[in-house]
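Here's the structure, in structure tokens; my notes come after.
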Protein chains: 2
Amino acid sequence: MRSIVLTFGLIILSCLILFEVAKFSLIKHTLPIELMVGIFAALFLVIGILIAGKRGPAPAREPDKEPASPSPVFGIDQQKIDALGISRREYEVLQEIALGLSNQEIAAKLFVTESTIKTHISSLLVKLDAKRRTDAVRIAKELKIIN
Amino acid sequence: MRSIVLTFGLIILSCLILFEVAKFSLIKHTLPIELMVGIFAALFLVIGILIAGKRGPAPAREPDKEPASPSPVFGIDQQKIDALGISRREYEVLQEIALGLSNQEIAAKLFVTESTIKTHISSLLVKLDAKRRTDAVRIAKELKIIN
DNA sequence: TCCTTCTTCATACGAAAGTATGAAAAGCGC
DNA sequence: GCGCTTTTCATACTTTCGTATGAAGAAGGA
């Protein structure tokens with residue numbers, strides 16, 4: 001909670017500063033308006049991606065307004081991941097499984113113990129309704145929740 | 001692929017339209033610059049979030065072709081299978097592995113003992129230079145020798 | 001603050017996977 | 001027939017995987 005406030009505060013603050021600087025430049029006609037707007041657009045595009053990248057555990061999943069795209073436009077269907085209740089960490093493990101790594105290798109890669117990986121995989125198998133890791137990978141690919 | 005191009009095309013198109021309208025309003029001084037920039041910032045913030053929500057870690061994956069319905073011969077590289085020295089029976093086993101079946105299930109499906117399946121898999125792992133069956137599946141898909 | 005979820009870890013056990021080795025039958029090309 | 005590969009199977013052993021259960025700290029929402 002505190003971290004969110006802090007992060008947003010920082011973002012807003014830096015944006016305001018940038019904004020004032022930009023307006024100053026604009027008045028002096030040292031920058032065209034188009035460029036100005038473009039910069040801000042790009043800036044907020046990046047910010048948006050960053051924010052979304054830090055997806056929390058299903059943030060208040062209200063009834064979805066349809067995304068109007070039955071097929072995943074950009075490859076991965078985040079909504080399906082949420083709908084299955086797959087957590088961030090579990091998803092990371094799933095990706096490593098798909099790469100063909102062993103539990104031990106995944107543990108080393110994610111800096112946790114093999115025990116933890118086993119726990120994640122067990123719940124993944126339940127959530128994906130799979131019997132084995134190979135099964136889980138196939139199902140996940142069919143659901144397009146991994147590449 | 002087509003849908004991605006379409007989506008991006010639409011986004012860019014609507015942005016250009018919005019941009020022109022905005023510039024027009026700006027010239028007529030019906031809107032303050034701040035509001036203008038703010039609208040675009042918000043717009044691209046949303047777009048960024050949407051994109052991030054739908055994107056994958058993008059490890060250069062080509063989309064899988066339609067399963068089963070068309071002849072699996074198209075897209076499969078028979079020459080690579082031969083080059084790797086993978087026999088007919090081994091290839092059958094490989095396909096079953098990719099479906100997520102256990103050794104026992106594969107044995108039942110192919111009417112042989114589990115022992116035989118293990119033998120086939122062992123040589124498959126060597127020929128594919130894989131350490132595990134999950135690894136073998138990934139490699140086989142990358143080599144386009146299975147769907 | 002209380003409650004829940006997520007993440008982490010451990011231990012123990014059973015099931016599945018994989019390795020090593022040997023061997024026998026069948027098919028094929030020479 | 002002879003040599004070669006493929007396919008089949010077995011036994012024994014090691015490693016990995018998966019389940020069950022309990023527990024504890026961190027983060028976030030109500």
Side-chain angles (χ1 to χ4, degrees), chain A residues 1-8 51 54-62 78 81-140, chain B residues 78 81-140:
Chain A
M1 183 59 103
R2 215 165 41 218
S3 59
I4 291 179
V5 174
L6 243 163
T7 308
F8 266 96
I51 289 178
K54 287 186 172 265
R55 88 186 167 87
R61 282 216 81 35
E62 60 209 281
Q78 181 65 52
I81 298 175
D82 292 341
L84 289 171
I86 295 174
S87 71
R88 177 167 39 254
R89 203 57 164 165
E90 284 164 358
Y91 184 72
E92 286 184 79
V93 173
L94 177 59
Q95 288 180 126
E96 302 301 335
I97 293 176
L99 291 180
L101 301 188
S102 69
N103 290 346
Q104 216 169 39
E105 290 169 332
I106 299 173
K109 198 166 175 181
L110 300 184
F111 302 106
V112 295
T113 64
E114 191 186 339
S115 186
T116 304
I117 300 301
K118 283 185 182 181
T119 305
H120 288 318
I121 292 180
S122 270
S123 58
L124 266 175
L125 293 183
V126 172
K127 289 170 183 174
L128 286 173
D129 191 28
K131 291 192 194 68
R132 273 165 293 283
R133 48 172 56 209
T134 31
D135 207 14
V137 171
R138 179 185 58 80
I139 293 173
Chain B
Q78 183 64 48
I81 298 175
D82 294 339
L84 290 171
I86 295 174
S87 71
R88 183 187 285 93
R89 202 58 162 168
E90 284 164 358
Y91 184 70
E92 285 184 79
V93 173
L94 177 58
Q95 286 179 125
E96 302 301 334
I97 293 175
L99 291 179
L101 300 187
S102 68
N103 289 347
Q104 214 167 41
E105 291 168 331
I106 298 173
K109 201 166 175 181
L110 300 184
F111 303 108
V112 295
T113 64
E114 192 187 339
S115 185
T116 304
I117 301 300
K118 284 186 179 182
T119 304
H120 287 320
I121 292 181
S122 271
S123 59
L124 266 174
L125 293 183
V126 172
K127 289 169 182 175
L128 286 172
D129 191 28
K131 292 192 192 67
R132 272 164 294 283
R133 48 172 54 211
T134 32
D135 207 13
V137 170
R138 178 186 58 80
I139 293 172

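We name chains A, B, ... by the order of the sequence lines, and we start the count at 1 in each one.
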With a cut-off of less than 4.0 Å, is there a side-chain N or O of [X] near OP1 or OP2 of [N]?
| X | N | result |
| --- | --- | --- |
| A:Arg132 | C:dA16 | no |
| B:Arg133 | C:dG18 | yes |
| A:Thr119 | C:dT7 | no |
| A:Thr113 | C:dC9 | yes |
| B:Ser122 | C:dG18 | no |
| A:Asn103 | D:dT16 | no |

Euclidean distance, atom [atom1] of residue [X] to atom [atom2] of [N] [Å, nearest integer]:
| X | N | atom1 | atom2 | value |
| --- | --- | --- | --- | --- |
| B:Lys118 | D:dT11 | NZ | C1' | 10 Å |
| B:His120 | C:dT19 | NE2 | P | 15 Å |
| A:Lys131 | D:dT19 | NZ | P | 11 Å |
| B:Ile121 | C:dG18 | CD1 | P | 6 Å |
| B:Leu110 | D:dT8 | CG | P | 8 Å |
| A:Leu125 | D:dA20 | CG | C1' | 14 Å |
| B:Glu96 | C:dA17 | CD | P | 13 Å |
| B:Arg88 | C:dA26 | CZ | C1' | 14 Å |

Q | The single option from B:Ile86, B:Ile121, B:Val112 passing side-chain contact (heavy atoms from CB on, under 4.5 Å) against B:Val93 | A |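 It is B:Ile121, the one option of B:Ile86, B:Ile121, B:Val112 that forms the side-chain contact (heavy atoms from CB on, under 4.5 Å) with B:Val93.
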Nearest 0.5 Å please: distance from the [atom1] atom of [X] over to the [atom2] atom of [Y].
| X | Y | atom1 | atom2 | value |
| --- | --- | --- | --- | --- |
| A:Glu90 | A:Leu94 | CD | CG | 9.5 Å |
| A:Lys109 | A:Ser102 | NZ | OG | 11.0 Å |
| A:Ile106 | A:Leu110 | CD1 | CG | 7.0 Å |

(Q) Could you check whether the side chain of B:Ser102 and the base of C:dA16 have a donor-acceptor pair of N or O atoms closer than 3.5 Å, going by distance alone? (A)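 No.
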Q) So, does B:Lys127 use its side chain to make a donor-acceptor pair with the main chain of B:Gly85 at under 3.5 Å? A)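 Yes; at least one donor-acceptor contact below 3.5 Å.
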Q. Of all heavy-atom pairs between B:Leu101 and A:Arg132, which one has the smallest distance, and what is that distance?
A.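 That would be C-NE, 3.8 Å.
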Q: Would you kindly say whether A:Thr119 and A:Thr116 are connected by a side-chain donor-acceptor distance under 3.5 Å?
A: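 No, no side-chain donor-acceptor pair sits under 3.5 Å.
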Q: Please tell me which of B:Val112 and B:Thr134 maps to the more 5' nucleotide of DNA chain D, matching each residue to the nucleotide holding its nearest heavy atom.
A: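 Upstream on the strand: B:Val112.
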(Q) Angle between the end axes of the helix from C:dT1-D:dA30 to C:dC30-D:dG1, five pairs per end, to the nearest 10 degrees? (A)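 Axis-to-axis angle, ends of the helix: 60°.
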Q.
Heavy atoms from C-beta onward define the side chain here; which of C:dT8, D:dT7, D:dC9 lies closest to that of B:Ser87?
A.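 Taking heavy atoms from C-beta onward, the closest nucleotide is D:dT7.
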